Asker: 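Quick one: the structure is below, questions incoming.
Worth knowing before you read on, the calculation uses all heavy atoms, side chains too, and leaves out hydrogens, waters and symmetry mates. Note that the coordinates shown come from a computational prediction; the quantities given were computed from them, not determined experimentally.
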Amino acid sequence: MANPARLLIVDDNEDILSTFYEFFNSLGYEVKTAVDGFAALKILRDKPDYFHCLITDLVMPNISGVGLISIVKNEYPNIKTVAMTGYGDHPGALASEARADIVIFKPVDLFKIERKVAELIGRKED
């Protein structure tokens, strides 16, 4: 069996994290979660070449998703990035500032985001 695609999902809403974890895990992804950018950076630094894709909310306390994506783009250029947004005065501007590979607007359709992630990381359908 091939190695599963490995995702790091970051959101300060634990219900969203739980939902994403269960959904992607049920599809065979290996999933780690973090409640903010600091926790995500610790996970990334512990396993620098481990993850294929980062999915992050943009509006979070401490390190925003914009800041997190910027750090990931500089320090871990092989990790694909997906930004989720739906809050703030100008979510589109915030998303483009993040320089994410893909921007998804909330509320998200889990099947749509999975298709986008699969395309982004080159995961083939069975």
Side-chain angles (χ1 to χ4, degrees):
M1 183 168 162
N3 289 332
R6 296 179 296 273
L7 308 179
L8 177 57
I9 301 173
V10 188
D11 200 302
D12 58 332
N13 181 319
E14 293 198 24
D15 290 336
I16 290 173
L17 277 185
S18 177
T19 299
F20 272 67
Y21 177 86
E22 294 296 328
F23 177 77
F24 280 101
N25 194 48
S26 74
L27 295 175
Y29 288 84
E30 185 176 325
V31 182
K32 300 284 185 211
T33 61
V35 295
D36 62 32
F38 282 134
L41 286 175
K42 180 178 181 338
I43 291 168
L44 287 167
R45 289 182 174 142
D46 286 347
K47 296 183 172 188
D49 295 317
Y50 189 74
F51 293 97
H52 297 109
C53 185
L54 167 76
I55 301 172
T56 185
D57 188 18
L58 288 181
V59 179
M60 296 185 294
N62 301 322
I63 298 175
S64 71
V66 173
L68 179 60
I69 289 170
S70 181
I71 292 167
V72 167
K73 290 282 187 187
N74 288 328
E75 294 183 22
Y76 311 99
N78 293 329
I79 297 176
K80 301 299 183 185
T81 56
V82 177
M84 297 185 296
T85 189
Y87 304 109
D89 295 332
H90 304 286
L94 191 63
S96 86
E97 180 186 340
R99 297 183 4 245
D101 294 305
I102 294 176
V103 176
I104 302 283
F105 291 91
K106 291 181 176 180
V108 299
D109 173 328
L110 289 173
F111 290 99
K112 179 179 177 183
I113 198 170
E114 192 279 330
R115 283 191 305 272
K116 297 281 190 187
V117 167
E119 290 170 16
L120 197 59
I121 64 176
R123 186 174 193 225
K124 303 292 184 237
E125 296 294 321
D126 291 336

Asker: I need the single residue from Tyr76, Phe51, Tyr50 that forms a side chain to side chain contact (heavy atoms under 4.5 Å, CB included) with Leu8. Which is it?
Answerer: Phe51
Asker: Are the aromatic rings of Tyr29 and Phe23 close, with centres under 6.0 Å apart?
Answerer: no
Asker: Look up atom CD in Glu22 and atom CG in Leu110, then write down how far apart they are to the nearest 0.5 Å.
Answerer: 11.5 Å
Asker: Where is the tightest heavy-atom contact between Val82 and Ala100, given as atom of each residue plus distance?
Answerer: C-CB, 4.5 Å
Asker: Val10 vs Leu68, test: side chain to side chain contact (heavy atoms under 4.5 Å, CB included). Steps then yes/no.
Answerer: CA-CA 10 Å; Val10 188; Leu68 179 60; 4.0 Å; yes
Asker: Would you check if the side chain of Thr19 reaches a backbone N or O of Asp15 as a donor-acceptor pair within less than 3.5 Å?
Answerer: yes
Asker: To the nearest 0.5 Å, what is the distance between CG on Leu41 and CD1 on Ile71?
Answerer: 4.5 Å
Asker: Can you name the closest pair of heavy atoms from Val35 and Met60 and give their distance?
Answerer: O-SD, 4.5 Å
Asker: Are the side chains of Ile113 and Met84 in touch, meaning some heavy atoms are under 4.5 Å apart?
Answerer: yes
Asker: Answer yes or no: are there more than 12 heavy-atom neighbours, outside Asn74 itself, under 6.0 Å from its atom CG?
Answerer: yes
Asker: Are any of the side-chain nitrogens in Asp11 or Lys106 under 4.0 Å away from the carboxylate oxygens of its partner?
Answerer: yes
Asker: With a 4.5 Å heavy-atom cut-off, do Thr33 and Phe24 have their side chains touching?
Answerer: no
Asker: Who pairs with Asp101 by salt bridge (Lys or Arg N to Asp or Glu O under 4.0 Å), at least two apart in sequence or on another chain?
Answerer: Lys73
Asker: Answer yes or no: is there a side-chain heavy-atom contact under 4.5 Å between Asp12 and Asp36?
Answerer: no
Asker: Is any side-chain heavy atom of Val117 closer than 4.5 Å to a side-chain heavy atom of Leu7?
Answerer: yes
Asker: Just jot down the side-chain contact (heavy atoms from CB on, under 4.5 Å) partners of Lys112, sequence neighbours excluded, or say none.
Answerer: Asp109, Arg115, Lys116
Asker: Who passes side-chain contact (heavy atoms from CB on, under 4.5 Å) against Asn25, sequence neighbours left out?
Answerer: Tyr21
Asker: Tell me, with the steps shown, if Ile69 and Leu58 meet side chain to side chain contact (heavy atoms under 4.5 Å, CB included).
Answerer: CA-CA 9 Å; Ile69 289 170; Leu58 288 181; 4.0 Å; yes
Asker: List the atom of Ile43, the atom of Ala34, and the distance in Å for their closest heavy-atom pair.
Answerer: CD1-CB, 4.1 Å
Asker: Do you know the tightest heavy-atom contact between Arg99 and Thr81?
Answerer: O-OG1, 4.2 Å
Asker: Check Ile121 against Lys80 and note the closest heavy-atom contact, atom names and distance.
Answerer: CG2-CG, 4.1 Å
Asker: Quick one: CG on Leu54 to CG on Leu44, what's the gap to the nearest 0.5 Å?
Answerer: 6.5 Å
Asker: Within this structure, what is the NZ-CZ distance for the pair Lys47 and Arg6, rounded to the nearest 0.5 Å?
Answerer: 8.5 Å
Asker: Which heavy-atom pair separates Gly65 from Thr56 by the least distance, and what is that distance?
Answerer: CA-OG1, 4.0 Å
